[in-house]
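Below, all heavy atoms of this structure are taken into account, side chains as well, without hydrogens, waters or symmetry copies. In what follows, chains are A, B, ... by sequence order, proteins preceding strands, each numbered from 1. Everything numeric in this text was worked out from a predicted model, so none of it was measured.
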Number of protein chains: 2
Amino acid sequence: MGAAATRAQIVEAADRLFYRQGYEHTSFAAIAEAVRISRGNFYYHFKSKDDILSAVIDARLEDRRRMLQRWEAEEADPAGRIRRFVEIVVTNRADIQNYGCPVGTLTTELAKLGHPALDEASGLFTLFRTWLREQFTQLGHPAQADALAMHVLAFSQGVATLAHAFRDEDFIRREVQRMHDWLSAYSGGTRSTASAVPEDGAQADA
Amino acid sequence: MGAAATRAQIVEAADRLFYRQGYEHTSFAAIAEAVRISRGNFYYHFKSKDDILSAVIDARLEDRRRMLQRWEAEEADPAGRIRRFVEIVVTNRADIQNYGCPVGTLTTELAKLGHPALDEASGLFTLFRTWLREQFTQLGHPAQADALAMHVLAFSQGVATLAHAFRDEDFIRREVQRMHDWLSAYSGGTRSTASAVPEDGAQADA
DNA sequence: ATCCGTCTAGGACGAGTGTCCTAAAGCGGT
DNA sequence: ACCGCTTTAGGACACTCGTCCTAGACGGAT
């Protein structure tokens with residue numbers, strides 16, 4: 001079949017299963033059945049289960065990087081890009097309600113397992129954090145950028161966790177709307193009424 | 001030793017280990033070592049591992065119920081009670097940074113395992129949701145009460161997940177402050193400037 | 001057709017799991 | 001001191017797990 005193709009199929013199946021069932025709960029037998037491959041054959045492509053996990057994380061990192069680049073190409077202003085990020089939870093609402101956030105659930109599990117790949121998985125959070133920070137900087141809030149980025153991340157994690165627990169789609173939409181309202185105060189254009197958003201430098205919070 | 005005492009010790013140790021290591025990753029041997037009891041002896045007190053999980057969830061439910069009752073006794077107005085809830089993430093910041101939220105991480109894991117006790121564990125979320133809804137109702141926002149309760153829950157889950165991933169205590173405090181600011185708009189007293197909070201009934205959103 | 005490096009199948013291995021069984025230790029009442 | 005119920009210890013059981021080993025199938029180059 002070609003080693004590269006088989007390897008890619010393994011990573012793809014493992015990615016899906018790790019997401020849906022968790023890393024520890026997913027056995028080699030389950031992945032083997034999904035790819036229609038013998039259990040022993042894994043060790044030609046990977047040297048351990050941890051090695052597969054590492055490949056899965058790398059694949060997710062690459063995938064998300066491409067997604068962010070696409071957004072940068074499609075959305076001219078940083079406000080639109082951030083809105084795009086906020087919309088993730090409604091775009092992926094089906095998967096999120098069924099399985100939660102792929103990033104949050106994986107890092108949480110790896111942390112509890114004391115798994116060495118935790119740092120690697122945290123890189124997914126860092127990727128988003130850095131990207132969001134850059135968008136907020138471009139939006140004119142350099143000093144608060146990191147705090148704002150973390151706030152948006154916290155929003156997405158909170159929504160994902162609860163939408164997962166309650167299977168509530170309306171909740172997702174309500175929270176997204178609330179987030180958009182909050183964002184509009186920071187999006188150069190409107191700046192809405194008077195109060196609300198403090199100028200950067202007014203207080204060094206980040 | 002007395003069956004009740006032993007049983008309580010098992011539940012206590014299992015609770016701590018399930019929280020720190022996850023349910024599936026915690027073996028009977030680990031609990032046995034913690035309680036200094038033989039593995040076989042478990043089945044005198046519990047008929048399966050699932051049964052222990054069930055007892056742990058019940059214990060957590062009881063514990064949280066008492067906590068909420070205490071808050072109701074100590075805080076006269078509902079605004080103070082909600083603030084008390086928001087403060088959880090800073091009160092328990094050490095555990096949260098190390099192990100995440102006990103409720104969120106458990107329900108997420110059980111969902112991935114397809115474990116039948118998931119509904120029982122979700123009851124913890126429902127407990128908080130119902131209680132918060134009641135506080136917002138008393139605060140004068142009956143129509144939005146459930147949506148506001150869910151928003152507060154999402155806040156706590158988002159903060160817990162990210163504080164866990166990044167081990168960032170400052171982040172916790174920033175987000176708590178942000179939440180208190182948001183809350184002050186809903187706390188009858190100030191109602192702050194002009195805009196912001198829509199009166200209940202202005203739109204039926206919940 | 002032959003050969004050789006690439007890729008795969010299948011089973012064996014030891015460790016660890018939850019569960020169950022049986023014997024015995026502990027202990028209060030007589 | 002004895003009995004009977006409660007509580008415990010320890011090992012056996014079947015099973016699943018990740019890992020490893022070896023033999024053979026496949027396919028392109030000669």
Expressed as a whole number of angstroms, how long is the span from [X]:[atom1] to [N]:[atom2]?
X: B:H115; N: C:dG18; atom1: NE2; atom2: P; result: 11 Å
X: B:R36; N: D:dA9; atom1: CZ; atom2: P; result: 12 Å
X: A:I10; N: C:dT8; atom1: CD1; atom2: C1'; result: 11 Å
X: A:F46; N: C:dT8; atom1: CZ; atom2: P; result: 12 Å
X: B:E33; N: C:dT17; atom1: CD; atom2: P; result: 11 Å

What distance separates B:D170 CG from B:R93 CZ, expressed to the nearest 0.5 Å?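 B:D170 CG to B:R93 CZ: 11.0 Å, rounded to 0.5 Å.
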Rounded at 0.5 Å granularity, tell me how far OG1 in B:T6 sits from CG in B:N41.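 B:T6 OG1 to B:N41 CG: 7.0 Å, rounded to 0.5 Å.
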Is there side-chain contact between A:R7 and A:F46, with heavy atoms separated by less than 4.5 Å?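 The answer is yes, as the side chains (C-beta and beyond) meet within the 4.5 Å cut-off.
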Would you indicate whether the side-chain heavy atoms of A:W71 and A:R83 approach each other to under 4.5 Å?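 Answer no - side chains too far apart.
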Would you mind writing out the side-chain donor-acceptor pairs for residues 153-164 of chain B within the sub-3.5 Å range, not counting sequence neighbours?
unit_1: B:S156; atom_1: OG; unit_2: B:L153; atom_2: O; d: 2.8
unit_1: B:T161; atom_1: OG1; unit_2: B:Q157; atom_2: O; d: 2.8
unit_1: B:H164; atom_1: ND1; unit_2: B:Q97; atom_2: O; d: 3.2

State whether the number of non-hydrogen atoms from other residues, nucleotides or ligands found under 6.0 Å of B:E169 atom CD is greater than 12.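 More than 12 within 6.0 Å, yes.
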Is there a side-chain contact between B:Y44 and the phosphate of D:dT7, meaning an N or O under 4.0 Å from OP1 or OP2?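 Yes, because at least one side-chain N or O of B:Y44 sits under 4.0 Å from OP1 or OP2 of D:dT7.
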Nucleotide of D:dA9, C:dA9, D:dT7 approaching B:I37 most closely (side-chain heavy atoms):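 Taking heavy atoms from C-beta onward, the closest nucleotide is D:dA9.
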Per-nucleotide protein contact string for nucleotides 15-29 of chain D (B base, S sugar-phosphate only, - none; heavy atom under 4.0 Å): --SSBBB--------
